[in-house]
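Each chain gets a letter, A, B and so on, in the order its sequence line appears, and its residues count up from 1.
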There are 2 protein chains.
Amino acid sequence: MKATDYIVQFLVDRGVDRVFGLTGGAVVHLFESAAQNPGMMPVFCHHEQAAAFAAQAYARVRNAPGAAFVTTGPGTTNAITGAAAAWLDSIPCIYISGQTRLAHTTRNKPIRQLGVQQLDVIRLVQSITKYAVMIDDARTIRYHLEKAFHLATTGRPGPVWIDLPLDFQWAAIEPDMLAAFDPMELPSAPEEGSILADVRRCAELLSEARRPLVLAGYGVRLAHAEQELLQLVESAGVPFLASWNASDMIPTTHALNVGRPGVFGQRGANLAIQNCDLLIAIGSHLCVSITGTLFEAFARDAKIVMVDADRDELAQRTVRVDLPIASDARRFLVEMLSARQGQRRLDVEPWRDRCTYYARRHNAVPAEWHEQSNLVNPYVLMDVLSDELASGDKVVVDGGGTVNQIAFQSLRTGAGQRLLIAAGMCAMGSGLPESVGAACAGGGRTVCLSGDGSMQLNIHELQTIVHHRLPVKIFVLNNDGYLSIRITQNGFLDRHHVGSSAEGGMSLPDLLKVAAAYGLPTERVSHHQHLRDAIRRTLAADGPALCEVMVARDQDVAPRQAFERKPDGTFTPRPLEDMDPLLDDDEFLKCMVVRPWKNSPSRLAALAARQPVG
Amino acid sequence: MKATDYIVQFLVDRGVDRVFGLTGGAVVHLFESAAQNPGMMPVFCHHEQAAAFAAQAYARVRNAPGAAFVTTGPGTTNAITGAAAAWLDSIPCIYISGQTRLAHTTRNKPIRQLGVQQLDVIRLVQSITKYAVMIDDARTIRYHLEKAFHLATTGRPGPVWIDLPLDFQWAAIEPDMLAAFDPMELPSAPEEGSILADVRRCAELLSEARRPLVLAGYGVRLAHAEQELLQLVESAGVPFLASWNASDMIPTTHALNVGRPGVFGQRGANLAIQNCDLLIAIGSHLCVSITGTLFEAFARDAKIVMVDADRDELAQRTVRVDLPIASDARRFLVEMLSARQGQRRLDVEPWRDRCTYYARRHNAVPAEWHEQSNLVNPYVLMDVLSDELASGDKVVVDGGGTVNQIAFQSLRTGAGQRLLIAAGMCAMGSGLPESVGAACAGGGRTVCLSGDGSMQLNIHELQTIVHHRLPVKIFVLNNDGYLSIRITQNGFLDRHHVGSSAEGGMSLPDLLKVAAAYGLPTERVSHHQHLRDAIRRTLAADGPALCEVMVARDQDVAPRQAFERKPDGTFTPRPLEDMDPLLDDDEFLKCMVVRPWKNSPSRLAALAARQPVG
């Protein structure tokens with residue numbers, strides 16, 4: 001059996017039916033085997049970066065491993081951004097790179113290169129993978145594949161990398177003669193021990209709390225514990241939040257859903273955190289995107305329970321954690337449900353009401369924003385788009401610019417819908433290739449939300465989408481460059497838009513012309529009165545379609561973390577939200593008003609002028 | 001003084017007047033300082049990969065350091081391909097990445113991420129840089145900059161990387177108070193010692209040789225020893241070859257120039273190597289691209305002298321080296337000239353004649369190929385383009401596909417012209433961003449040679465070119481996909497064109513439509529009769545222009561290294577060229593005949609059927 005046939009069958013046997021990549025001299029055998037295997041279909045992108053992103057988006061949709069094949073040298077380095085995205089978000093992915101023949105590698109040699117396009121791949125990727133190995137003996141292929149797959153999918157998941165020299169691609173192997181991997185040989189994890197005592201303590205804290213809150217992270221989905229999460233929050237009647245990656249597990253409109261917190265989160269969600277007295281974070285590593293940078297101010301009045309499968313995360317916290325629980329989200333939730341068995345819904349009606357109020361008042365897009373008469377308010381785009389989404393739709397959000405901030409502040413997801421972003425990496429240009437991966441994972445339509453600046457980085461993936469007629473509906477916010485950077489520059493650099501606008505040395509092409517050149521049907525919408533129809537047409541198109549949405553170039557994003565400039569020129573952050581639950585509501589609303597069609601008085605200055613309470 | 005102002009001035013003081021990049025949240029301060037400094041101009045690309053390539057192309061043209069600024073996380077990972085290209089080809093480049101504030105980095109913490117978009121940059125890039133450091137104290141900025149610059153530009157040059165947390169970007173520093181770097185603190189290199197004895201021995205070998213040959217590598221240019229090289233070969237009358245990166249140092253038409261050897265080199269050059277009795281390799285590390293994979297067959301009858309600044313390269317050879325000399329190319333050449341002072345031109349007229357014959361007969365494009373009546377023979381394109389180039393022109397060749405093989409087999413360079421490629425990496429898509437860098441380095445026109453497949457990877461750089469109206473003249477070989485891969489698949493995989501053609505699942509857009517959408521003037525040429533005029537129009541265009549050159553989809557590349565399939569399914573290489581200098585010339589010619597407009601009887605089979613002599 002040809003070694004690459006074995007490898008492809010290994011993946012097929014584990015449910016992988018698409019492999020992404022771009023062919024190349026050192027990887028043709030892998031793709032040939034993929035094309036020959038009836039259970040596998042290779043999907044060819046136009047850049048390995050795109051393939052690496054597509055593989056992990058496919059994995060997100062399936063909640064199962066994704067795979068990409070890339071060639072040596074530039075094939076590998078091009079794939080690093082996508083692999084790092086999988087690493088940061090704990091996505092199980094198998095990346096296999098073709099390598100020059102073993103004899104032409106620099107392994108163990110202190111030189112830069114030997115073979116054609118050869119590069120020491122393992123040293124490059126080992127810091128962003130759970131396992132990275134170059135095969136140096138065809139008889140170890142099964143062992144390394146099994147070990148890699150095991151590590152990718154167990155504990156805290158993540159990407160793995162196998163570098164496969166050409167001579168082991170065309171090698172003939174006897175599958176029955178290959179050594180297997182035994183998970184027992186791994187250094188044993190620290191004694192798992194019982195989490196029962198911790199769970200009991202957590203259940204007590206929950207019973208005693210007046211203002212309890214659950215924060216669900218992506219670890220819940222990775223542990224396939226979505227149902228258990230729902231069961232816990234519903235049976236206890238505890239309001240909950242979700243991180244960006246986890247926010248599609250329970251519909252936005254669920255009565256207990258208070259939204260998505262964070263630096264660019266929803267005001268209602270942040271207010272809930274700042275005013276709860278118990279925060280149970282399950283499968284979220286509470287990174288700076290969630291906590292903001294004033295760690296001591298985060299959940300200022302709450303006891304914090306943190307449940308994480310990764311003990312290192314528990315040990316390295318920036319915010320205080322009162323009760324760390326080293327556990328897989330599923331195990332914890334099962335035990336919590338068991339500990340609470342027979343207990344009633346918590347008697348915290350005022351807090352539930354308050355959370356409902358937060359969500360309605362501060363997460364929803366204000367009705368008056370719909371009245372904007374010129375250009376499209378992107379919050380309104382998200383609002384209307386939410387209405388038009390169907391069950392099974394997957395919304396992929398690009399990592400760049402304001403689009404993800406605005407999407408996660410205002411897009412609503414319903415039952416059976418997915419909202420996908422490589423949130424840890426948050427790479428400009430990730431949206432288009434991730435849409436390729438999401439669309440190839442099957443299911444309904446894929447909606448891609450991107451910005452005009454981000455579209456350029458992987459613009460070639462329009463061709464992949466057109467080639468396969470993938471049902472990808474692309475909505476691009478055209479805000480005339482890099483709005484997110486301009487907002488930063490407004491705050492930190494006296495509104496000098498260096499590199500973020502045409503005046504600052506960076507311009508963009510006419511996207512509709514470019515998209516049409518790739519063969520996509522396109523349209524452009526500039527007014528709210530045409531918005532819903534444009535969305536419907538784009539969603540209903542047969543195959544892919546692109547709709548450019550014209551947005552004010554000074555569209556503000558609110559809320560976001562504010563900084564204060566000190567006399568010495570340095571900057572200090574301010575709390576994510578004002579922390580007084582009794583703060584006058586009109587004050588909040590004032591901060592939320594976004595007037596995108598002209599320069600509003602700097603919202604930053606307004607925030608800076610306000611005194612935090614307490 | 002703001003730290004980023006200091007950093008930019010540091011670069012300006014060392015002759016860097018352009019910095020490439022893409023702005024982002026963690027790098028706005030660096031770009032603001034770059035824009036404010038009258039001696040610096042930031043050039044904004046549309047992907048950090050492009051910026052990283054542009055920086056090292058700028059460095060190649062200037063033969064002085066290039067620089068790029070990128071943001072954290074994806075900004076860094078996106079730049080790795082370009083940085084690795086600089087690493088493999090020993091190009092001095094300074095890459096500076098913005099990082100989250102120091103307190104939000106994962107340094108020394110066993111977790112994957114802490115700050116927003118944060119990633120441990122140094123672990124990612126340390127294997128492809130001479131120096132990689134994260135600044136953790138504003139007072140060390142001068143020290144690390146000086147050390148990085150020193151390392152990038154001394155010994156064997158290469159890229160360096162500085163990761164700069166945000167707090168040290170806006171920090172106020174007192175330049176006079178900053179500690180300096182002293183090169184003496186570096187671990188001392190192994191005793192340099194005198195190379196005089198080795199040089200004398202080399203000079204003796206040269207005097208005794210009947211068929212001597214010099215092979216110049218890029219180390220000659222890096223050591224600024226182009227004149228000394230010319231002086232040596234001319235005074236001794238010794239035929240010479242040059243690696244791809246070095247092949248523009250002495251005009252193609254120089255009487256002693258026998259061309260560019262290698263796996264995809266010129267037949268004449270390979271024949272010269274295979275039949276010389278002394279090979280003096282200066283500043284070339286004799287990688288597999290040059291030697292082919294049958295190491296014992298390389299320069300089969302020659303004593304080999306290898307001069308390299310990198311002792312590790314000398315110690316790790318695949319081919320036998322009779323006289324290794326650890327020396328900078330310049331030092332060696334100066335000593336050789338001195339050792340040969342007063343000596344006459346070598347009395348090796350028959351060998352010089354033979355080499356002249358090799359070059360004329362086997363490097364030049366056969367006249368009859370001009371007679372092809374349908375589509376353009378890409379060798380003829382190179383031939384005609386060579387006629388039309390002017391002094392000062394820089395030709396950038398993409399790393400992908402057949403275009404570089406064909407360009408280096410047939411493009412001629414004259415005095416004052418440059419021929420540029422990131423040869424070690426040979427990355428698809430490098431040509432367009434390298435053209436940006438080359439054009440920004442000043443001088444004459446930039447000609448970009450690329451293929452239709454490669455164009456997609458950095459297609460967005462058309463916008464950078466249009467924005468700055470860079471005089472980049474782009475010629476794209478349209479061979480309907482990835483011809484280079486199809487050739488490999490023809491040889492190894494029974495002509496299954498998986499991922500390299502539309503039938504195989506990979507198609508390309510109409511490039512003229514895409515280029516026009518970006519605003520470039522375009523034209524397409526399909527016949528030799530219109531070729532010269534099309535080339536002239538494109539070269540003469542005011543600003544950028546693109547010419548698509550229609551090539552047969554089964555255009556062969558000849559010569560190239562052939563492989564033989566063994567009964568067990570594995571492959572073995574064949575010698576780069578037949579090694580008998582007396583082999584009948586008609587036999588050679590037969591192998592060179594390329595019939596691009598239809599499937600020729602497999603040239604591989606023809607080669608495989610021939611018995612090597614001896």
Side-chain angles (χ1 to χ4, degrees), chain A residues 23 25 28 31-32 35 42 44 46-47 73-74 77-78 80-81 84 87-88 104 109-117 119-120 123-124 127 170 172 287-289 312-313 316 424-427 456-457 459-460 463 467 485 488-489 493 496 498-500 505-507 509 513-514 517-518 569-570, chain B residues 23 25 28 31-32 35 42 44 46-47 73-74 77-78 80-81 84 87-88 104 109-117 119-120 123-124 127 170 172 287-289 312-313 316 424-427 456-457 459-460 463 467 485 488-489 493 496 498-500 505-507 509 513-514 517-518 569-570:
Chain A
T23 190
V28 284
F31 281 120
E32 170 75 6
F44 295 101
H46 287 82
H47 196 299
T77 53
N78 283 352
I80 288 177
T81 300
W87 171 246
L88 297 179
H104 304 160
K109 297 189 177 77
I111 56 175
R112 299 186 190 179
Q113 182 173 50
L114 189 55
V116 177
Q117 292 190 300
L119 198 60
D120 188 337
R123 290 178 67 200
L124 265 170
S127 72
W170 62 50
C287 62
V288 172
S289 307
D312 290 327
E313 289 286 354
Q316 299 291 339
M425 199 62 163
C426 244
Q456 285 303 307
L457 281 84
I459 188 79
H460 34 72
Q463 183 64 26
H467 178 88
I485 303 301
T488 302
Q489 289 165 329
L493 292 164
H496 293 169
V498 173
S500 58
M506 191 290 305
S507 61
K513 285 187 186 167
V514 173
Y518 279 95
T570 63
Chain B
T23 192
V28 284
F31 281 121
E32 169 76 4
F44 295 101
H46 287 81
H47 195 299
T77 53
N78 283 351
I80 287 178
T81 300
W87 170 247
L88 297 179
H104 304 160
K109 296 188 178 80
I111 55 174
R112 300 185 189 180
Q113 182 174 51
L114 188 57
V116 178
Q117 290 189 303
L119 197 61
D120 188 337
R123 290 178 67 198
L124 265 171
S127 74
W170 63 48
C287 62
V288 173
S289 307
D312 290 327
E313 289 285 355
Q316 298 292 341
M425 198 64 163
C426 246
Q456 285 304 308
L457 282 83
I459 188 79
H460 35 70
Q463 183 63 23
H467 179 89
I485 302 302
T488 301
Q489 289 164 330
L493 292 164
H496 295 169
V498 174
S500 58
M506 191 288 308
S507 61
K513 284 187 187 167
V514 173
Y518 278 96
T570 64

Worksheet entry | Student check: side-chain heavy atoms of B:Val498 and A:Thr23 closer than 4.5 Å | no
Worksheet entry | Straight-line distance of A:Asn78 CG to B:Thr81 OG1, nearest 0.5 Å | 3.5 Å
Practice prompt. Locate the shortest heavy-atom distance separating B:Gln117 from A:Cys426; write the atom from each residue and the value.
Written response: NE2-O, 2.5 Å
Worksheet entry | Closest-packed option against chain B by number of heavy-atom pairs under 4.5 Å, given A:Lys109, A:Glu32, A:Gln489 | A:Glu32
Discussion item. Please identify, among A:Arg112, A:His496, A:Lys513, A:His460, the residue contributing the most non-hydrogen atom pairs under 4.5 Å to chain B.
Written reply: A:Arg112
Fill in: Test item: A:Ile459 and B:His46 side chains (from C-beta on) under 4.5 Å apart, heavy atoms
no
Response to the item:
Nearest heavy-atom approach of A:Ala517 to B:Ala517 is CB-CB, 4.4 Å
Worksheet item: Out of A:Ala35, A:Gly424, A:Ala427, A:Gly25, which one racks up the most heavy-atom pairs below 4.5 Å with chain B?
Response: A:Gly424
Discussion item. Under 4.5 Å from any heavy atom of chain B, what part of A:Thr488 do you find: side chain, backbone, both or neither?
Written reply: side chain
Practice prompt. Kindly indicate, with the supporting measurements, whether the criterion side chain to side chain contact (heavy atoms under 4.5 Å, CB included) is fulfilled by B:Leu124 and B:Thr77.
Written response: CA-CA 8 Å; B:Leu124 265 171; B:Thr77 53; 3.7 Å; yes
Fill in: Partner chain B: residue of A:Phe31, A:Phe44, A:Trp87, A:Tyr518 with the largest heavy-atom pair count (under 4.5 Å)
A:Trp87
Discussion item. Heavy-atom pairs under 4.5 Å with chain A - which of B:Arg123, B:His47, B:Gln463, B:His104 has more of them than the others?
Written reply: B:Gln463
Discussion item. Can you tell me which of A:Gln316, A:Met425, A:Glu313 forms the most heavy-atom pairs within a distance under 4.5 Å of chain B?
Written reply: A:Met425
Response to the item:
Answer key: most heavy-atom pairs under 4.5 Å with chain B among A:Gly73, A:Pro110, A:Cys287 is A:Pro110
Fill in: Contact leader toward chain A among B:Leu493, B:Leu119, B:Val28, where contacts are heavy-atom pairs under 4.5 Å
B:Leu493
